[in-house]
Peer 1: 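So that we are looking at the same thing, I have put the structure below in structure tokens.
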Amino acid sequence: MLQKLLVPRISVAQAARRAQAVQSGRALFDDISTVEARSQIPSPVLPGSIVLVALALLVLSNPRGPVTLLLAGCVALAALVAAVLYTQRHRSSVITMILLVEMLSSSFLFPQGVNTTARYGLDFLFCAPLLPLLLRRGILRKGGFRLLTIYFAWCLFTVAYSLVPAYSLGRALSSMLLIASLAVLAFDVTDQDGVADLLRNYLVGCGIIVALVAFAALFLPHNITFSSIEMLDANGRPIPGTIDYASGGISRFVGIFTQPNELGALVIVTIGAALAYWKFASKRGRLLLAALIATAAAFGIAADSRSSMAASMLGVLAFLVWKYRWRGLLACAAVAAALVLAMAFTVGDLDSYVSRGNVASLTGRTDVWNYAMNQVKASPLLGYGYEVEGQIYQLKYFPLWWGPWDEGPRSSLHNDYLSHLVGVGVPATLFWLFIILRPWANLFRQKDDPWALKPIFLLIVLPLLILNCAESGAGDCHYSTGLLFMLCWALAERARLLRSEKTAQDNTSANTAPTLISAIAALDR
């Protein structure tokens, strides 16, 4: 009784407020104790900073030492793992990584002894996850992809009598792997947005490479970023006191690459892809595209890559004439006149600039082509093995035995059509041309173009077909030019197959309708 009188009576609401206050106090003391416990644990910021500073000092004191190589290896490995995981979640971004592998493997960033192995290994790493989809969807049994499979079966057969069998086998397997991956990416496309997505991802890779070239131009020494005007010996070293007639007496910009033509290939694919993607880009995106085109064009001029720049301009001319008819032709004539006047004022002696490097023989190309045609006549049906056209320079009838002609199968004929003739023979080359050109011929016979592929042909494919007359590369999916060339072909073939399927369905529906009407009429009787 006394206890009940001493304890004050409180309401339910008051009891709830008191309980909440007690819990708040306990939480406060718990937080204070937690902070005290945490304060006893040493912070990793200070020791981590000390370690980073020590590593930085080691790298600066010995930039080619083992610490630098270890750090570079760790960073490269982490970036590679992140890239593989990203491409597995975003399949269309595979084209970006393949482009980076194809371009960087031909730069001085990859040592000559490991660049080929690294290129094949990285291509397989990014492309292998797509191969099960290739088989699951039965892509190799459809249209031009089936014909291309037959063509590569012949390419593999040429390994048996190739001048360099190991090289032919490696190049054939590499081409098949890349084309199979592009086929999977093309079959993911169902509308114009899918085409734009692939072009955008390709341009991302172009932007990265252009940025690296710009960095090299600004910060690397001149003897690295510019080619030598002297002749090269069998080991690729300049011969003092000599002048290479192909250089025209000028040192050409190469950036991170080893040859000006490699930079020219980057220029033509960057300009073509950027112009083709222009209609899909936003206003801010078009500003970035304009800056990318201007930078790439400046690199092409500095590299003196006349073939790639001329091919790009012819593609733009064809597009303007196709798009705007006579107005486009007048605009091109005005731009051409302005360019001639600008060059006349800036260059000075325009005739000597244009005719430098023995233009009459296309800097020696015609002499090589005559020799190659004689070799084609000697073996017109079989050829000499897939992608080993440069090995014919080692035959006893070739007049030159030094310089760039002494690189074995890596030597170029500077003509992709002639390279196919020498490699796989005349019938296989004609078969390849039929496979490559058929979807584009079918496209221009159609009035509609729901995927906007006609501008892609005029701005990308046509310049690469022209470039193939003076360079090797835009053929069986090699390097940046071949990769974009075959990507556009895969998209065009995919669109052609869809049109054929739609036409077949419409014909089936048209044939079924009279049958149904006749059956209904028979029931009415």
Side-chain angles (χ1 to χ4, degrees), residues 63-64 68-69 71-87 93-128 170-171 174-175 177-178 181-182 200-221 224-227 236 253-271 273-274 292 295-296 299-300 302-303 305 308 410 412 471-474 476-487:
R64 296 185 179 180
T68 305
L69 296 178
L71 290 177
C74 292
V75 172
L77 180 61
L80 182 61
V81 172
V84 171
L85 295 177
Y86 184 83
T87 54
S93 63
V94 171
I95 191 67
T96 305
M97 303 312 304
I98 296 176
L99 174 63
L100 293 177
V101 171
E102 293 292 303
M103 293 299 294
L104 293 178
S105 62
S106 59
S107 68
F108 69 80
L109 301 176
F110 278 74
Q112 287 295 326
V114 300
N115 58 344
T116 301
T117 304
R119 176 187 165 209
Y120 288 170
L122 291 174
D123 281 342
F124 181 80
L125 184 64
F126 289 107
C127 296
R171 295 301 293 268
S174 174
S175 298
L177 176 67
L178 294 179
S181 303
L182 296 181
R200 180 174 60 253
N201 283 300
Y202 188 90
L203 278 171
V204 169
C206 291
I208 294 173
I209 301 297
V210 168
L212 289 175
V213 174
F215 178 85
L218 293 174
F219 299 104
L220 294 184
I224 294 179
T225 57
F226 281 80
S227 64
F253 180 65
V254 295
I256 63 174
F257 302 103
T258 57
Q259 298 179 7
N261 290 335
E262 294 172 347
L263 185 57
L266 173 65
V267 171
I268 191 172
V269 297
T270 301
I271 294 177
L292 185 62
T295 306
F299 289 157
S305 182
S308 62
R410 293 181 177 84
S412 174
E471 301 292 344
S472 296
D476 294 346
C477 213
H478 299 308
Y479 306 114
S480 61
T481 50
L483 188 64
L484 184 59
F485 184 78
M486 292 307 298
L487 174 65

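Every value quoted in this text rests on a predicted model; they were computed, and no experiment measured them. Residue indices begin at 1 and follow the sequence shown.
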Peer 1: Taking all non-hydrogen atoms of both residues into account, name the closest pair between V267 and A296 and its distance.
Peer 2: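 V267 and A296 have their closest heavy atoms at CG2-O, 3.3 Å.
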Peer 1: Minimum heavy-atom separation for A265 to I268, with atom names?
Peer 2: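 Answer, listing the atom of A265 first, then I268: O-CG2, 3.2 Å.
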Peer 1: Take L483 and L182 through the test side chain to side chain contact (heavy atoms under 4.5 Å, CB included) and record every step on the way to the result.
Peer 2: CA-CA 9 Å; L483 188 64; L182 296 181; 4.1 Å; yes
Peer 1: Can you check whether R171's main-chain N or O pairs, donor with acceptor, with S174's side chain at less than 3.5 Å?
Peer 2: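 Not a single qualifying donor-acceptor pair exists.
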Peer 1: Enter the distance from L203:CG to I208:CD1 here, rounded to the nearest 0.5 Å.
Peer 2: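 Spacing of CG (L203) from CD1 (I208) equals 11.0 Å.
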Peer 1: What's the spacing between S305 OG and E262 CD if we round to 0.5 Å?
Peer 2: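 So the gap between those two atoms works out to 11.0 Å.
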Peer 1: Measuring only between side-chain heavy atoms, which start at C-beta, is V213 closer than 4.5 Å to F257?
Peer 2: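 Yes, at least one pair of side-chain atoms sits under 4.5 Å.
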Peer 1: Is the closest side-chain heavy-atom distance between I209 and T270 below 4.5 Å?
Peer 2: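 They are not in side-chain contact.
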Peer 1: Can you see which heavy atom on A303 is nearest to which on F253, and at what distance?
Peer 2: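 Heavy-atom minimum between the residues: CB-O, 3.2 Å.
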Peer 1: State, with a plain yes or no, whether a side-chain heavy atom of D476 is found less than 4.5 Å away from one of L178.
Peer 2: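 Side chain of D476 against side chain of L178, heavy atoms only: no contact under 4.5 Å found.
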Peer 1: Does some side-chain heavy atom of T96 sit less than 4.5 Å from a side-chain heavy atom of Y86?
Peer 2: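 Side chain of Y86 against side chain of T96, heavy atoms only: no contact under 4.5 Å found.
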Peer 1: Assess whether atom CZ of F124 is packed by more than 12 heavy atoms of other residues, nucleotides or ligands within 6.0 Å.
Peer 2: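 Counting other residues, nucleotides and ligands, CZ of F124 stays at 12 neighbours or fewer.
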Peer 1: Between C127 and I98, which heavy-atom pair has the shortest distance, and what is it?
Peer 2: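 Distance-wise, the nearest heavy atoms are SG-CD1, 3.5 Å.
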Peer 1: Can you tell if the side chain of T258 reaches within under 4.5 Å of the side chain of S106, non-hydrogen atoms only?
Peer 2: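 No; the side chains remain at least 4.5 Å from each other.
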Peer 1: Going by side-chain contact (heavy atoms from CB on, under 4.5 Å), I256 matches just one of T225, L212, L266. Which one?
Peer 2: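 When T225, L212, L266 are each tested with I256, the side-chain contact (heavy atoms from CB on, under 4.5 Å) holds only for L212.
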Peer 1: If you measure from CG on N261 to OH on Y479, what distance do you get to the nearest 0.5 Å?
Peer 2: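 N261 CG to Y479 OH: 12.5 Å, rounded to 0.5 Å.
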Peer 1: Check whether any side-chain heavy atom of T116 sits under 4.5 Å from a side-chain heavy atom of S105, and report yes or no.
Peer 2: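 Contact flag for T116/S105 side chains = no.
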Peer 1: Give the C-alpha distance, both sets of side-chain angles, the deciding distance and a yes or no for side chain to side chain contact (heavy atoms under 4.5 Å, CB included) between F126 and V84.
Peer 2: CA-CA 7 Å; F126 289 107; V84 171; 3.8 Å; yes
Peer 1: Indicate yes or no: at least one non-hydrogen side-chain atom of Y202 is less than 4.5 angstrom from one of S480.
Peer 2: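 In short, these two side chains touch, coming nearer than 4.5 Å.
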Peer 1: Can you tell me how far apart CG (N201) and CG (L99) are? Round to the nearest 0.5 Å.
Peer 2: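 Going from CG on N201 over to CG on L99, the span is 10.5 Å.
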Peer 1: Determine whether D123 and E102 satisfy the following criterion, side chain to side chain contact (heavy atoms under 4.5 Å, CB included), listing intermediate values before the conclusion.
Peer 2: CA-CA 8 Å; D123 281 342; E102 293 292 303; 2.7 Å; yes
Peer 1: What distance separates M103 CE from L263 CG, expressed to the nearest 0.5 Å?
Peer 2: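 So the gap between those two atoms works out to 7.5 Å.
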